[in-house]
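Here's the structure, in structure tokens; my notes come after.
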Amino acid sequence: MADGFIKGPRPLSLHFSNSQVIWGAAGESAGAALEAGHWHKDIADVAVLLRTRLAHSGGHDRFDQIVREKANARKETFLSGINEYLSRDYDRRPSEAHVCMELGGVQVQDFGGAGAPILMVPSLINPHYILDLMPGRSLAAYLKMQGYRPYLVKWGEPGEEEIHFGLDDYICKRLMPVLDFLTETAGGRVPVIGYCMGGTLSTALAARTSEQVSKLALLAAPWDFATEHPHAGRKFVPAMIKHMKNVPGVGTIGVDMLQTFFASVDPTLNDRKFRSYAAGKYQGEQADFFSAMEVWANNGAPLARKVAEQCLKGWYVDNDTMEERWTVAGEPVRLADIDCPVWIAAPEGDRLVPQESAFAMLTRLKDGTSHAPPSGHIGMVVGDRAEAGLWEPLCEWLEAK
Amino acid sequence: MVRCRKINCATAQKEYGFASTQGNYTPPMTKTDELEKLAEDFLDLWQENIRLWSVDRELLPLEDLLALVSPKEDGAAVDG
């Protein structure tokens with residue numbers, strides 16, 4: 001299988017543990033939990049109603065027994081869902097593209113066509129191909145249909161050189177030469193699209209190479225790491241820093257560590273997903289999409305140590321981006337240095353990159369426009385509403401004078 | 001005038017606890033049915049509760065999840 005071979009979910013042991021804890025505890029003493037559980041304020045009244053219903057039914061012991069049986073059944077269904085998913089064949093079907101440039105472990109994929117070149121920069125976390133996930137769910141293919149010639153950066157595994165890289169190295173020694181190549185090919189400035197962390201990197205790129213970037217589109221790109229809105233990554237930082245102290249030398253930060261973070265954002269998500277899978281909710285294209293998303297989410301290259309340290313300490317702890325202390329090529333990255341129009345797309349309900357974090361740039365940009373897609377962090381790019389919610393508005397903005 | 005209410009088997013069983021000898025009807029909820037439904041509702045609520053707390057707390061790693069689903073030591077009533 002190209003570009004990823006672990007179907008996940010990973011770390012599998014963590015997902016099993018979450019399921020055991022959630023359903024095991026539910027089955028231990030449900031009646032007592034209704035009396036004195038840690039109920040969230042949004043549903044505390046529903047818990048009171050259930051308690052009243054239970055009081056009227058008068059069968060506490062029987063209720064506990066039934067809950068235990070049903071909780072065990074849910075655990076079994078979760079495992080069945082994972083088994084069914086793992087036994088299903090899946091092969092990613094990428095769009096036709098060829099590697100036009102290689103720099104160390106980094107490749108650039110050229111999707112071809114006679115259109116105007118456009119650079120696409122994905123996150124360093126998870127594989128690049130979220131921007132070309134599968135037929136019908138590919139922003140790269142859509143851009144090509146609209147008359148562009150997409151060039152997609154594939155970060156790949158950190159090679160001998162990249163393993164010593166920091167964020168500025170990725171920008172100066174990888175993105176800048178790629179941009180040079182594209183502007184030469186295009187005979188002038190080119191538009192740049194950056195997704196998630198790739199958007200933050202693209203922002204620095206545009207600040208340093210304003211004469212080469214015609215437009216900058218940022219999709220769920222974090223900038224302000226001190227927002228009031230929950231910023232899931234910020235809370236995970238201490239655990240990550242602690243973990244990194246145990247990683248010897250220049251060792252990388254493994255994907256499982258990052259996946260542990262994603263699993264902790266909502267420990268119920270995988271249970272709900274795989275029980276739905278077992279119930280046959282995903283059929284046909286939706287089943288392919290499910291597999292594509294799982295494989296994508298559970299793969300990716302490890303992060304170079306210096307990159308991880310700069311993200312965790314510099315971004316999440318010190319908020320260097322917003323404070324304009326983040327240095328690239330020896331100079332702080334200032335949004336005022338970006339001369340081109342900037343389009344910032346950020347969904348309202350994004351828990352990985354709060355909308356507030358992405359939109360924070362607007363106050364300092366010379367020419368910034370915001371857009372709120374009706375989906376989540378990943379759904380905005382590949383979900384059922386991606387075309388109407390993101391791709392079309394993006395192309396309208398790219399075409400506008 | 002006395003109005004007569006038509007009582008079918010299901011109504012009878014529901015209201016008076018009569019057992020039916022006829023085949024084609026939808027049985028009313030028994031006590032076990034009610035408890036089964038209540039159990040499903042409880043489990044859905046239990047999971048939703050964890051999801052909501054994970055949003056509030058930004059993140060819910062395994063140790064925090066364990067603490068959340070453990071019984072309260074002080075036996076306090078349902079709270080927010």
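Fair warning: this is a prediction, and the values are worked out from it, not measured in the lab. Convention: sequence-line order gives letters A, B, ...; per-chain numbering from 1.
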(request) Using a strict cut-off of less than 4.0 Å between a Lys/Arg side-chain nitrogen and an Asp/Glu carboxylate oxygen, indicate whether Glu34(B) and Arg53(A) qualify as a salt bridge. (result) no
(message) Please determine whether a side-chain nitrogen of the Lys or Arg among Glu40(B) and Arg74(A) lies less than 4.0 Å from a carboxylate oxygen of the Asp or Glu.
(response)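 Salt bridge flag = yes for Arg74(A) with Glu40(B).
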Roughly how far, to the nearest 0.5 Å, is [atom2] of [Y] from [atom1] of [X]?
| X | Y | atom1 | atom2 | result |
| --- | --- | --- | --- | --- |
| Thr268(A) | Glu48(B) | OG1 | CD | 7.5 Å |
| Ser57(A) | Leu35(B) | OG | CG | 4.5 Å |
| Thr32(B) | Ile66(A) | OG1 | CD1 | 6.0 Å |
| Ser264(A) | Glu63(B) | OG | CD | 8.0 Å |
| Trp39(A) | Leu52(B) | CH2 | CG | 10.5 Å |
| Asp44(B) | Arg272(A) | CG | CZ | 11.0 Å |

(message) As an exercise: rank Leu50(A), Thr260(A), Asp271(A), Val46(A) by heavy-atom pairs under 4.5 Å with chain B and give me the winner.
(response) Leu50(A)
(request) Heavy atoms only, distances under 4.5 angstrom: which of Asn18(A), Asp42(A), Asp64(A) has the most pairs with chain B? Name it, please. (result) Asn18(A)
(request) Measure Leu54(A) against the heavy atoms of chain B and call it side chain, backbone, both or neither at under 4.5 Å. (result) both
(request) Check whether Ala32(A) gets within reach of chain B through its side chain, its backbone, both or neither, counting any heavy atom under 4.5 Å. (result)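 Looking at Ala32(A), nothing touches chain B.
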What are the two closest non-hydrogen atoms of [X] and [Y], and how far apart are they?
| X | Y | result |
| --- | --- | --- |
| Trp23(A) | Gln47(B) | CZ2-NE2, 3.5 Å |
| Ala39(B) | Lys70(A) | CB-CD, 3.8 Å |
| Phe42(B) | Ala30(A) | CE2-CB, 3.5 Å |
| Val265(A) | Ser54(B) | O-OG, 3.3 Å |

For [Y], does its backbone N or O pair with a side-chain atom of [X] as donor and acceptor, under 3.5 Å?
| X | Y | result |
| --- | --- | --- |
| Asn49(B) | His38(A) | yes |
| Asp266(A) | Arg51(B) | no |
| Trp46(B) | Ala33(A) | no |

(request) Test Pro267(A) against every option in Leu68(B), Ile50(B), Asp64(B) by the side-chain contact (heavy atoms from CB on, under 4.5 Å) rule and name the one that passes. (result) Ile50(B)
(request) With a 4.5 Å cut-off on heavy-atom pairs, point out which of Leu60(B), Leu59(B), Leu65(B), Leu62(B) contacts chain A the most. (result) Leu59(B)
(request) List the steps and the verdict of side chain to side chain contact (heavy atoms under 4.5 Å, CB included) for Val69(B) and Ile22(A). (result) CA-CA 7 Å; Val69(B) 298; Ile22(A) 292 169; 5.5 Å; no
(message) Quick check on Glu69(A): does its CD atom have over 12 non-hydrogen neighbours (other residues, nucleotides or ligands) under 6.0 Å away?
(response)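 Yes, enclosed.
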